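These notes are about the structure you will find just below.
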Amino acid sequence: MSNRRSRQSSSTLRISDDQMIDLVSKLRLLLPEIRERRRSDKVSASKVLQETCNYIRKLHREVDNLSDRLSQLLDSVDEDSQEAAVIRSLLM
Amino acid sequence: MQPTSSMNKEFLKKWQMGLQIFRPSIDNTSVSERKRAIKLSADVAMASLRKGTTCWSRALIQKTASEDNFLVRQMLSGIKEETLINKKLPKVMCHRKIVRRSKKILMRRKSRSAMEEVAAKAKKLVKRKTQGLRNAVPGGEFMSNNVLLIQETLDYIVSLQTQVNVMRSIVDAAAAGIER
């Protein structure tokens with residue numbers, strides 16, 4: 001069997017420290033929880049990655065909930081009513 | 001890097017366009033069908049803001065197209081199809097057991113200090129979290145290195161924030177309009 005371990009593909013490239021620090025600082029600006037903590041450089045990479053995942057999933061859930069709410073709002077409204085007209089003007 | 005008001009406006013316009021496409025059927029369908037229409041339109045609208053320039057937006061469009069090809073074609077009629085494809089990375093096939101066994105042998109030969117152990121564990125943890133992030137971002141499997149992954153993540157989050165903000169404003173306004 002050929003020796004595949006010797007091949008270094010770009011997918012195993014590790015982040016250099018400088019690049020990581022730069023990107024992590026940008027992520028911190030976006031993530032609500034980390035932003036609130038004291039400004040220290042010692043937030044670990046794994047913690048930032050975890051918080052980022054959590055935040056993304058939270059945003060996914062929000063989109064789902066909002067879609068739910070909107071579709072139910074549309075449902076609860078009488079076809080010819082003024083409320084229906086309001087929604088139509090907002091959305092369509 | 002924050003959602004801008006021009007992003008908000010553009011998202012809203014595209015989202016409205018998507019909903020218009022559903023318009024004929026949206027009045028006479030079930031709540032769940034309507035929700036699906038709302039969500040798919042919102043996703044395509046969000047992805048289309050990037051005009052095929054990011055990996056996540058291409059992946060999201062591909063994913064939505066597999067659920068509703070017509071909608072995607074209508075909403076993206078201006079964009080060339082070639083720009084929307086993510087190139088598949090060549091898969092490096094590794095026989096897991098062999099790799100694991102060789103790693104064990106290597107570790108036995110090295111005598112590691114306590115600090116080396118801690119560093120190794122930390123690296124493993126970061127690797128695991130990075131993989132988790134790849135799973136959370138659309139098209140993560142196409143991002144060939146970790147730098148790209150984080151850049152895409154940053155852009156994806158800003159786009160998601162735009163999507164959520166606009167949708168929330170619309171839903172709140174609609175709810176207020178109904179309650180009056």
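Just so it is clear, the model here is predicted, and its values are computed rather than measured. Naming: A, B, ... by sequence-line order, numbering from 1 per chain.
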In terms of heavy-atom pairs under 4.5 Å, which option from B:Val31, B:Thr153, B:Asn135, B:Val137 contacts chain A the most? B:Val31

Counterpart residues, salt bridge (Lys or Arg N to Asp or Glu O under 4.0 Å), relative to B:Asp172 (two or more places apart): A:Arg69

Check B:Lys51 with B:Glu10, please: is the shortest side-chain N to carboxylate O separation under 4.0 Å? yes

Heavy-atom cut-off 4.5 Å, strictly under: side chain, backbone, both or neither for B:Thr130 against chain A? both

Going by the rule side chain to side chain donor-acceptor pair (under 3.5 Å), which residues pair with B:Ser66 if we only count those two or more places apart in sequence or in a different chain? none

Flag for B:Gln161-B:Asn165: side-chain donor and acceptor within less than 3.5 Å: no

Counting only non-hydrogen atoms closer than 4.5 Å, does A:Asn65 touch chain B with its backbone (N, CA, C, O), its side chain (CB onward), both, or neither? neither

